[in-house]
Amino acid sequence: MKINIKEGIIIALLGIAIGVCSVLTVQAIQGNRRRLKAEYSDWRKLNLILQSIDENYVDTVDRQKVSDAATAAALAALDPHSVYMPPQTLKDSESDLAGEFEGIGIQFNVPNDTAIVIEVIPGGPSEKIGLSAGDRLLKVDDKVIAGVKFPQDSMVRRMKGKAGTKVTVTVKRGSETIPFEITRGKIPQHSVDAAFMVDDSTGYIRLAKFARTTYNEVLAACLELNEKGMTRLVFDIRENSGGFFDQSILLANLFLPKGAEIVHMEGLHRKREEFRADGHGLFQDIGLVVLIDENSASSSEIFAGAIQDNGRGRIVGRRSFGKGLVQEPVYFTDGSGIRLTVARFYTPNGRCLQKPYSEDYDYEVLKRYNEGEMLDADSMKVEKGGIIPDVFVPIDTTKAGKFYVNCNRKATAMRFASSYFDSHSSELSSIDDYDVLLNYLDRSGLEAGFLAFAKAKDGLVPDEGEWNIEKVYMMTQIKALVGRYSKLSDKAFYHIYLQIDDTYKKALNSF
C-alpha cells in the first residue's frame, strides 16, 4: 500500500480500472491458492445466486440494479462506513471534498418554501451576471421552485452543471421579477467558514470540513491573523465531519514540534504506519484551544487527538463522534466505486478513535442525549470511542423555552432576517466593517420588529417573563442572521454568535 499525502487520500488501487465482475485477479488466486480453496465456497454462493437469477427469474433482469444492490448489501455487512457509491454519488462526493464544483456560485437557504440567496461567491458566474444576496429564487429554466415545496437538493442539482453550459435563473428582487441567463463555471468551495480576531491577541477560525484546499486556507488565515497580532487561537471544528486524511496531517504539522506523532494506523492486512510532524510548522508556539462536539468526526478527531496527546493545546466541548476507520477507494469502469475499511486510526497515545459498532450505530449520538452524556461529563468513557475533551461543556437547555422552540419549528428568526433585509438591503449590503455593523444592528429596532413579526406571521407571543429569559439568547441569533446579509457574510454571523456560545467562552478561559 502506498500513502501519498500530497494527493490527499489513502490509495491501494487508485488509477486502476477494475471491471465490475473482476473480483479476484489471477495473481491473487495463484498467490493464495490454498487459502482461497478453503474459503471459495463461501464466496461462490453469491455468484451462484446471481447466476440463478439471471437464468431463471420470471422477468427480464436489470443486472446493474441487482449487482449494485448485492454490492451495497455485502459492504453493509462489514461496518457502517464501508460503502458502495453509484457513479453520480461518487462524483458528487469527490467534487465536494476536492474543494470545487461546477455551477452558478451562490449559497442560499429556504426559510419559508422559497430559496433566498445568502451569499454570491466572489468571482463566480452569479456575481459576474449581477445576482445579489437577498434575491428570491423563483424558477430554474422553466421549472418553478418557489412556493411548491420543491426539495432543496433538487434545486442544487438543477443549478449545478458542467462549466460552459447555460441556465436561466429567475429571481424576485423587491417588486421586480428578473431572469438571469448564467453560464456555469468552476466554483471554489471554501472549507474555512470564518476567520477573524476576537480581541487584540485572540484569533478564531471556523473550519467546516477537511477538503483538498483546507491546509492552504488555514495557513493563509493564520498568517493574516498573525499580522493582526494573534498570539493565541481558538480553532473551531464543531460539526466538522472530516474529509481528506492528508489535510489533517498537514494541519496538525502546522502546530506540532518535530518528531511528534500525529496519528498511526493499523489493520489485519495493513502494517502499523506512523505519521509524525516534520518541525517546519509556522505556529508551533502559538496558544491553541480546539473546539469539538458530537459531530466532529474522522479527520477532525485525528487533528484533535494529535493536539491533545502531545499536550499542545486543550480540547473543549463534548465527546467527538468516534469515526476512526481508514477507507481505501476502489474505482470501477462504470464510474462507480467502493470505500473499503482496511485499518483503524489510533491517537499518539494508542487510543482507537473508532466507536464500537452497535445495532443502533446510526442513532448513537441520539442515544447520548437520552443517556445524559450531553449534560454530564461522568458519562463520557474512553472505550466508547472518539476524543474526550479536556474541558467538558454541556448543552444548555435552560435558554430554550416554549417560545424559542416554536420559533425554531417555523424558522421564524430566519424568515424575519430575510424580511428585514428586503426592506433594508441597500443599508446592509454596504456594510463591510464589524464595528459599524454592530452599531447599525443595535439601533435598528430588531427586538420590536421580531416580536411583531412572530405575532403577525406565526401567531407566536412569549409568555409573561419568558422573554426576559430568552431575550439575549434569541436576539443575538437574530442579529447574527441579519448580519449575515452584510458584506461580512459568515464572518459576521459567527462573530456575533460567539457572544452566546458557552463552549467558546470556556475556551477563552482554557489558555
Side-chain angles (χ1 to χ4, degrees), residues 80-81 193 204 206-209 234-242 289-305 307-309 313-325 347 351-409 411 413-414 466 469-474 476-477 480 493-494 496-510:
H81 299 288
D193 279 344
Y204 171 87
R206 172 86 176 197
L207 185 67
K209 59 186 175 182
V234 177
F235 197 78
D236 192 347
I237 50 175
R238 290 173 294 179
E239 304 288 332
N240 186 322
S241 61
V289 172
V290 180
L291 310 187
I292 64 170
D293 67 6
E294 58 278 1
N295 294 311
S296 303
S298 189
S299 294
S300 292
E301 296 172 291
I302 290 173
F303 174 78
I307 298 301
Q308 186 178 56
D309 281 10
R314 305 200 80 187
I315 311 299
V316 178
R318 293 182 291 278
R319 180 166 66 95
S320 62
F321 183 83
K323 182 183 183 296
L325 301 176
T347 70
R351 293 176 294 163
C352 181
L353 291 174
Q354 180 61 39
K355 62 186 177 184
Y357 308 144
S358 61
E359 292 182 1
D360 56 356
Y361 186 88
D362 291 339
Y363 304 99
E364 189 270 339
V365 171
L366 178 60
K367 187 178 179 182
R368 298 186 199 183
Y369 284 92
N370 295 333
E371 294 181 347
E373 181 177 325
M374 301 303 188
L375 301 173
D376 182 8
D378 291 338
S379 297
M380 296 186 298
K381 304 296 181 184
V382 173
E383 63 270 15
K384 292 183 178 180
I387 298 296
I388 293 180
D390 300 304
V391 180
F392 172 71
V393 184
I395 289 178
D396 188 348
T397 60
T398 63
K399 300 171 183 175
K402 183 174 67 175
F403 179 68
Y404 175 81
V405 170
N406 288 334
C407 285
N408 264 5
R409 286 174 179 162
M414 291 180 65
E466 186 178 20
I469 298 174
E470 299 180 353
K471 175 181 174 180
V472 173
Y473 193 58
M474 288 201 69
T476 302
Q477 292 184 54
F493 176 85
Y494 287 108
I496 294 172
Y497 190 82
L498 290 180
Q499 297 173 21
I500 55 170
D501 190 332
D502 290 339
T503 305
Y504 165 74
K505 291 176 182 178
K506 285 284 184 71
L508 290 184
N509 295 324
S510 298

- CD1 on Ile388 to NZ on Lys381, rounded to 0.5 Å: 8.5 Å

- Note on the structure: The side-chain hydrogen bond (donor to acceptor under 3.5 Å, both in side chains) partners of Arg206 (sequence neighbours excluded) come to Asp236

- Rounded to the nearest 0.5 Å, what separation is found between the CD1 atom of Ile307 and the CZ atom of Phe303? 4.0 Å

- Determine the interplanar angle of the Tyr204 and Tyr504 rings, folded into 0 to 90°, and report it as parallel if under 30°, tilted if 30 to 60°, perpendicular if over 60°. perpendicular

- Query: Once you round to the nearest 0.5 Å, how far does CD of Glu470 lie from SG of Cys407?
  - Reply: 8.0 Å

- Note on the structure: Between Ile237 and Ser300 the two heavy atoms that sit nearest each other are CD1-O, 3.5 Å

- Query: Partners of Glu364 by side-chain contact (heavy atoms from CB on, under 4.5 Å), sequence neighbours excluded?
  - Reply: Arg319, Lys355, Arg368

- Closest non-hydrogen contact found for Gly242 with Asn240 is N-OD1, 2.9 Å

- Under the 3.5 angstrom rule, does the side chain of Lys402 hit a backbone N or O of Glu466 as a donor-acceptor pair? no

- Distance in Å, Ser320 OG paired with Met380 CE, rounded so as to fall on 0.5 Å steps: 10.5 Å

- State, to 0.1 Å, how close Gly324 and Gln354 come at their nearest heavy-atom pair, and which atoms those are. N-OE1, 2.9 Å

- Taking every heavy atom of Asp390 against every heavy atom of Arg314, the minimum-distance pair comes out as OD2-CA, 3.5 Å

- Message: Would you compute the distance between atom CD of Glu239 and atom CG of Asp193 and round it to the nearest 0.5 angstrom?
- Response: 11.0 Å

- Message: For the backbone of Arg318 and the side chain of Asp293, can you confirm whether one donor and one acceptor N or O come within less than 3.5 Å of each other?
- Response: no

- If every non-hydrogen atom of Thr503 is compared with every non-hydrogen atom of Gly317, which pair is closest and at what distance? CG2-CA, 4.1 Å

- Task: Locate the shortest heavy-atom distance separating Glu373 from Ser379; write the atom from each residue and the value.
- Result: CA-CB, 3.6 Å

- Query: Which distance, rounded to the nearest 0.5 Å, do you find between the CD1 of Ile469 and the CE of Met474?
  - Reply: 13.0 Å

- Looking at Arg238, Lys506, Lys505, which hits side-chain contact (heavy atoms from CB on, under 4.5 Å) with Val316? Lys506

- Query: Is a side-chain N or O of Glu301 found less than 3.5 angstrom from the main chain of Gly322, in a donor-acceptor match?
  - Reply: yes

- Residues passing the side-chain contact (heavy atoms from CB on, under 4.5 Å) test with Thr347, sequence neighbours excluded, are Asp309, Asn349, Arg351, Leu353, Ile387

- Has the side chain of Glu294 got a donor or acceptor atom that lies under 3.5 Å from a matching backbone atom of Met374? no

- Task: Sequence neighbours left out, what passes side-chain contact (heavy atoms from CB on, under 4.5 Å) with Ser299? Give chain and number order.
- Result: Phe210, Ser248

- Tell me, which pairs form a ring-ring contact (aromatic ring centres under 6.0 Å, His included) where one or both residues lie in residues 351-371, sequence neighbours left out? His81-Tyr361

- Of all pairs that satisfy ring-ring contact (aromatic ring centres under 6.0 Å, His included), the ones with a partner from residues 383-404, not counting sequence neighbours: Phe403-Trp467, Tyr404-Tyr473

- Query: Under the 3.5 angstrom rule, does the side chain of Gln499 hit a backbone N or O of Thr476 as a donor-acceptor pair?
  - Reply: no

